[in-house]
Amino acid sequence: MRTVNPEEHARKRAHILSAAAEEFAAHGVDGTSTARICQAAGIGSGTLFHYFATKRDIFHALFGDDVPRNAEACARALAADRPDDGLDLLLDHLLADLADPLVPGLAAAAVFQANRDEEFARMIHTDNTQIRAALATLTGRLATAGRRLAFPPERVAGWIQSLIDGAYLTADEPGFDPAAHAAELRRIVAWLTGRERTGAAPHRTGGPAPSHP
């Protein structure tokens, strides 16, 4: 009986998904064939179908693999000693792929697929719900600690999530600067969560500290 090396299996699966991501981002779900994915991955159809039964399964896996990763990020954020720190951790995670050139195409393909694929839509909804719940909990903790939020915690969480989603959907616009956009988004989050009004330490993404007169 042939044994399966789990590490090799995971590596090949990840390689197929990486090649498929490029095809889906460039051509959408309908414009991508399993033959194109095989060519991009440098594998035969037999190998592809050993890992994924259909093209739809491949697309589902691209986004489905994010669900547990996002759950872990939410758990780490909620375990932080300070809600500000937890919010920073979660924002770091959610904005990590903003500079990935494949993201705008994949995000557009996901929106299209969710409108016609009920199972995929449920998966995306589950992921969005867990992120929204973590953001609402963190902003609720800020409010409980006396922070003056711009809106009730659930509304602040909704705005933060919408701003992040919008950033990914517009990341292919001419002149889009991922670092600048992320910095501006964090400033908006600081206003929404009352951080600017309290003088709480802002999130830093590296670079020299500001000078003081």
Side-chain angles (χ1 to χ4, degrees), residues 13-14 17 20-21 24-25 28-29 52 54 56-100 102-145 147 149-171 178 181-182 184-195 203:
R13 181 180 182 277
L17 289 177
F24 287 132
V29 178
F52 302 100
T54 66
R56 177 175 175 268
D57 288 342
I58 301 172
F59 192 75
H60 278 226
L62 275 174
F63 290 87
D65 286 357
D66 283 340
V67 177
R69 286 196 288 264
N70 289 340
E72 291 176 6
C74 289
R76 289 195 301 270
L78 293 172
D81 292 335
R82 299 171 61 248
D84 274 321
D85 294 339
L87 188 56
D88 285 338
L89 285 171
L90 191 51
L91 287 176
D92 284 344
H93 173 77
L94 296 175
L95 294 171
D97 293 329
L98 195 56
D100 187 338
L102 300 183
V103 164
L106 288 174
V111 171
F112 183 79
Q113 188 71 8
N115 285 323
R116 64 178 184 177
D117 183 337
E118 185 176 344
E119 182 182 352
F120 183 78
R122 284 199 301 270
M123 179 176 64
I124 298 300
H125 177 72
T126 296
D127 194 34
N128 287 339
T129 297
Q130 69 175 353
I131 293 170
R132 177 74 167 265
L135 289 169
T137 298
L138 291 167
T139 52
R141 289 174 181 174
L142 288 172
T144 299
R147 183 72 61 80
L149 308 183
F151 310 108
E154 179 62 29
R155 292 290 298 154
V156 171
W159 273 111
I160 294 173
Q161 192 169 31
S162 295
L163 288 166
I164 293 171
D165 290 345
Y168 280 101
L169 288 171
T170 59
H181 194 99
E184 291 167 1
L185 192 151
R186 290 182 187 281
R187 289 183 62 185
I188 297 171
V189 171
W191 175 79
L192 287 168
T193 59
R195 181 179 292 187
H203 178 276

Reported [atom1]-to-[atom2] distance for the pair [X] and [Y], which is rounded to 0.5 angstrom:
{"X": "R186", "Y": "L91", "atom1": "CZ", "atom2": "CG", "result": "5.5 Å"}
{"X": "L90", "Y": "L95", "atom1": "CG", "atom2": "CG", "result": "9.0 Å"}
{"X": "Q113", "Y": "L62", "atom1": "CD", "atom2": "CG", "result": "11.0 Å"}
{"X": "T170", "Y": "H181", "atom1": "OG1", "atom2": "NE2", "result": "5.0 Å"}
{"X": "I124", "Y": "T129", "atom1": "CD1", "atom2": "OG1", "result": "11.0 Å"}
{"X": "L138", "Y": "D88", "atom1": "CG", "atom2": "CG", "result": "10.0 Å"}

If I compare all heavy atoms of [X] with all of [Y], which pair ends up nearest, and what's the gap?
{"X": "A114", "Y": "A121", "result": "O-CB, 3.4 Å"}
{"X": "R147", "Y": "G194", "result": "CD-O, 3.4 Å"}
{"X": "E154", "Y": "A136", "result": "OE1-CB, 3.4 Å"}

Quick one: do L142 and D84 satisfy side-chain contact (heavy atoms from CB on, under 4.5 Å)? Show the steps, please.
-> CA-CA 8 Å; L142 288 172; D84 274 321; 3.7 Å; yes
Name each donor-acceptor pair under 3.5 Å that joins a side chain in residues 156-164 to protein atoms two or more places apart or in another chain, with its distance.
from	atom 1	to	atom 2	distance (Å)
Q161	NE2	N128	O	2.9
S162	OG	G158	O	3.0

Not counting sequence neighbours, which residues clear side chain to side chain contact (heavy atoms under 4.5 Å, CB included) with T126? List them please.
-> none
Residues in side chain to side chain contact (heavy atoms under 4.5 Å, CB included) contact with A143, at least two apart in sequence or another chain = L149, P153
Applying ring-ring contact (aromatic ring centres under 6.0 Å, His included), name anything that partners F63, two or more places apart in sequence or on another chain.
-> F59, F120
Return each pair, listed once, that meets side-chain hydrogen bond (donor to acceptor under 3.5 Å, both in side chains) where at least one residue sits in residues 135-144; pairs must be two or more places apart or across chains.
-> none
Applying side-chain hydrogen bond (donor to acceptor under 3.5 Å, both in side chains), which residue pairs with at least one partner in residues 57-73 are found, sequence neighbours left out?
-> R13-D65, T54-D57, H60-D117, D66-R69, N70-H93, N70-D127
So, do Y168 and L106 sit near enough that their side-chain heavy atoms are less than 4.5 Å apart?
-> no
Taking atom CZ of R155 as the centre, report whether more than 12 heavy atoms of other residues, nucleotides or ligands fall under 6.0 Å from it.
-> no
